[in-house]
Amino acid sequence: MSMAQSPEPLDVDRESTRTGMSKTALKQGFLDNLFYIQGRFREVATPHDLYMAAAYTTRDRILERWIKSAQHYKSNQSRTVCYLSAEFLLGPHLANNLVNLGIVETATEAAHELGLDFDAIIAEEEEPGLGNGGLGRLAACFMDSLSTLQIPSIGYGIRYEFGIFDQTIEDGWQVEKSDNWLRNGNPWEIPRPKIRFPVFYGGYTEQYRDHDDRTRTRWVPAQIIDGVAYDTPILGYGVGNVNLLRLWKAEASESFDFQAFNVGNYYGAVHAKIEAETISKVLYPNDEPEAGKELRLKQQFFFVSCSIQDMIRLQFNTVGPLDSFAEKFVVQLNDTHPSLAVAELMRLLMDEHDMDWDRAWDITHRVFCYTNHTLLPEALETWSVSLFERLLPRHLEIVYEINRHFLDEVRIRFLGDEERVRRMSLIAEDGERRVRMANLAVVGSRAVNGVAALHSELVKTTLFKDFHDFWPDRFHNVTNGVTPRRFMVVANPRLARLISETCGSDDWIRDLGRLRDLEAHAMDSGLHERWHAVKIAAKRDLAAWLKHRTGVLLDPEAIFDVQAKRIHEYKRQHLNLLHIIRCYQRIKQSPNQDMVPRAFIFGGKAAPGYFMAKLIIKLINAVAEVINNDPQINGFIRVVFMPDFNVKNGQHLYPAANLSEQISLAGKEASGTGNMKFSMNGALTIGTLDGANVEIREEVGKENFFLFGMSADEVGQHQREGYRPWEYYARDAELKSDIDLINSGLFSHGDTQLFRPLTDRLVNQDPFMVLADYRAYIACQDHVAEAYRDHQHWTRMSILNVARMGKFSSDRAIREYAEHIWRTEPHPIGL
Ligand code: T68
């Protein structure tokens, strides 16, 4: 299709009740959608019907802007950022879209006039949990910021039929329930059955001579599966720009199955269809790579292949020839999960579009950029050569060829350094041969970045040291950020209102640096009172929510001390537990001491196969049961585990926290983003010098941050000298008695063995040095308690934390990507 034939933009009048922003238009639109889409009228509508009608009413208003954006991007041949991510952890859409449309108040009034409980309608939405944690949520924040900054972009991923499991707690243990989020329909997506690409698997490759008598390679697959596009509009805040989140669903390829059908194998054809659809069936619930899982590799190739084919289609539809592909598109690889894209683009350019190696490589390596999210060696993805070859025979050839060209360059630069060549190879040759996905991503990209200053430094000096020696200019830092729309305006409307009133404008929502205007009021006792009232109100809400779901009652006057994130040993939830046990023992020893009351709140999912993480959840709940029911404790400290921590539930947590626990072993948490969400909502941080904590502390000021523990350098030194956790256990009587109390059976109805795997690991191995940081942590927590006694001072620190969080907006992060890495420009769409 050529551009000349494009119709005039928006040449049809649309019904004003589907686009109007007035209260009347919203009411009419709502009732129409209830009637025409849900087939209901007010009297018989279920809460879900009401939610669906509200969602469609909101979506109608987004679609207008979406079409306008698409037309503008197309006719301007805009450079487009493609964000490839196996995960997008979006959270509920409705409230967020109302904020970005700027119609929260009008919609609330409209609902009120229709006699509806608007909060209940919003609470009805089930979130699409298409991610595990930080990495998936970062992708969602980036989509919000890309639209808000008016940068043409497409998020590409997988439309998992089952997202991250729902977590329930039974007898203190995590129990996983499948997340059938599509059961009641998804009003936010638009299926595009005609945007469909074949994806090949297995089979073999063969050489043939083309019409110009050149030798070419052809991949003859054993299986073909279709990927079908499902589009979700992503609206920016206060702008006309709407970008696209395009998620792929796997379907059987009609033409391919037909062959089986033709020879009378009807059952075989149907079976193939069922098998095809398993590819996008379920998200792997592990925040580390799924070793050896064939289906996981199939998923990765599935969405990568569909996405690259779609980009090539768009190139032909807009600009034309593929030579300018790297000018039209930049592809950001969110970790190594999509790094097969490097080989897939090479394959498509060479095998399907006739390019020779050099031209194809020139384009490919200018298209890709790669973000690394972890230094943990066990989290670096590799695939066995045998599995890779069986599933992707052509890609293995291409990976070998990339490797051959690359290692030749290395050999020329570092004559005779075969050890270095071995380390940098795309193929690990020690033991079973494996493809190193991170090396593929680095070699195939023109930019590589870490996600916080410390992390990016460690990427250069440890993980990718050889690559940094070779290509120093390829390495960058872009510190993560989070969107203030969802994590302040949607999650904490009371605070957002107070900030806007205090600053005299709501400009901070699009320009988070403007929060600095709060500093001028940091000593204002009037603001202190209102700030405190906002926090107490959020704590009351959370207390009510938790009481309803867990039966545990919290005192809103207590310090709300929160650790919410995936459960992982490196994040050290067990260090937090040791402090809780210390508090408990202190009260038991001197019941009448003057202690600051605390509510310890945990939330987070454990990977279903991660035994130690699940045991930590059990221990949290076991400690909670004993402490919460001990009459001597009398509510002075309470412990509660929030079940099913996800984006939606997290929105209750961030506004209510006084203290944010960011206590990973230094050098292990690449960035963290929860640390930013808490601090933006006025929590103070207790944390190590890890990930983005380092920069948060720099921004908010060291006097407004509770720092403890070893630095990454000290950790390294300590490990080199030999770390002996049992010596800490033997030497520190309090530490010993805290661990012994776990082993005594007090928290396990007399069972002295239940938590042994955990305590033994701490005393004998302690890979994340919990015992080494224990003393410093306890001392720091004592400072926290003392500081909390001075309410005025605490509130002042809380205000300053919020005032100085401007840097941690994902808008800033996206601006840095756009300027330093992507070289893209905004394309404003007027309202
Ligand atoms: C997180 N990584 C980092 N991984 O741990 C965190 N991994 O420090 C950082 O802030 C965040 O990324 C954003 O940069 C993850 O969340 C995963 O979830 C994951 C999932 C599958 C496979 C590997």
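Note that ligands are numbered from 1 as they come in the structure, with each ligand's atoms numbered from 1 the same way. Heavy atoms only: backbone and side chains are in, while hydrogens, waters and symmetry mates are out.
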Novice: Is the shortest N/O to N/O distance between A670 and ligand 1 below 3.5 Å?
Specialist: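 N/O-N/O distance under 3.5 Å: yes.
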
Novice: Do D144 and R485 sit within salt-bridge range, that is, some charged N less than 4.0 Å from a carboxylate O?
Specialist: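 Salt bridge flag = yes for R485 with D144.
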
Novice: Which atoms of ligand 1 sit under 4.0 Å from any heavy atom of Y570?
Specialist: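 It comes down to these atoms of ligand 1: 5 (O).
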
Novice: Hey, does N480 sit under 4.0 Å from ligand 1 if you only count heavy atoms?
Specialist: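 Within the 4.0 Å threshold, so yes.
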
Novice: What atoms in ligand 1 come closer than 4.0 Å to a heavy atom of N132?
Specialist: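 This gives 18 (O) as the contact atoms.
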
Novice: Going through the checks in order, is the side-chain hydrogen bond (donor to acceptor under 3.5 Å, both in side chains) test met by Y83 and N334?
Specialist: CA-CA 7 Å; Y83 199 83; N334 198 23; 3.1 Å; yes

Novice: Looking at ligand 1, is there an atom of it that comes within less than 4.0 Å of some heavy atom belonging to H337?
Specialist: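 Per 4.0 Å heavy-atom rule, H337 contacts ligand 1.
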
Novice: Can a side-chain donor-acceptor contact be found between N801 and N704 if the only test is distance below 3.5 angstrom?
Specialist: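 On atom types as modelled, these side chains do not qualify, holding no pair under 3.5 Å.
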
Novice: Does ligand 1 have any atom sitting under 4.0 Å from a heavy atom of E87?
Specialist: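 The answer is yes, since E87 has a heavy atom less than 4.0 Å from ligand 1.
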
Novice: Please verify whether a non-hydrogen atom of N286 lies at under 4.0 Å from ligand 1.
Specialist: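 Per 4.0 Å heavy-atom rule, N286 contacts ligand 1.
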
Novice: Provide, to 0.1 Å, the distance between atom 5 (O) of ligand 1 and the closest protein heavy atom, together with that atom's residue and name.
Specialist: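 Here the closest protein heavy atom is E669 OE1, 3.1 Å.
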
Novice: Do the ring planes of F464 and F467 sit parallel (below 30°), tilted (30 to 60°) or perpendicular (above 60°)?
Specialist: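 Ring orientation of F464 relative to F467: perpendicular.
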
Novice: Looking only at the side chains, is there a donor atom on one of S280 and W248 sitting less than 3.5 Å from an acceptor on the other?
Specialist: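 No pair is found: no donor N or O on one side chain lies under 3.5 Å from an acceptor on the other.
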
Novice: Let me see the working for F388 and H395 under ring-ring contact (aromatic ring centres under 6.0 Å, His included), right down to the final yes or no.
Specialist: CA-CA 8 Å; F388 200 107; H395 296 77; 7.3 Å; no

Novice: Report yes or no: does G672 have a heavy atom closer than 4.0 Å to ligand 1?
Specialist: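 Heavy atoms of G672 do come under 4.0 Å of ligand 1.
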
Novice: Please write down residue, atom name and distance for the protein heavy atom closest to atom 19 (C) of ligand 1.
Specialist: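 Going by distance alone, atom 19 (C) of ligand 1 is nearest to D287 O, 3.4 Å.
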
Novice: Of the options M710, K668, E714, which is the one that meets M769 in a side-chain contact (heavy atoms from CB on, under 4.5 Å)?
Specialist: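 Only one option passes, and that is M710.
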
Novice: Counting non-hydrogen protein atoms only, what is the nearest one to atom 3 (C) of ligand 1? Give residue, atom name and distance.
Specialist: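 Protein heavy atom at minimum distance: H373 O, 3.6 Å.
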
Novice: Under 3.5 Å between any N/O of L135 and any N/O of ligand 1: does that happen in this structure?
Specialist: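 In this structure, L135 places an N or O atom under 3.5 Å from an N or O of ligand 1.
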
Novice: So does E698 pair up with K807, basic N to acidic O under 4.0 Å?
Specialist: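 Salt bridge between E698 and K807, a charged N being under 4.0 Å from a carboxylate O: no.
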
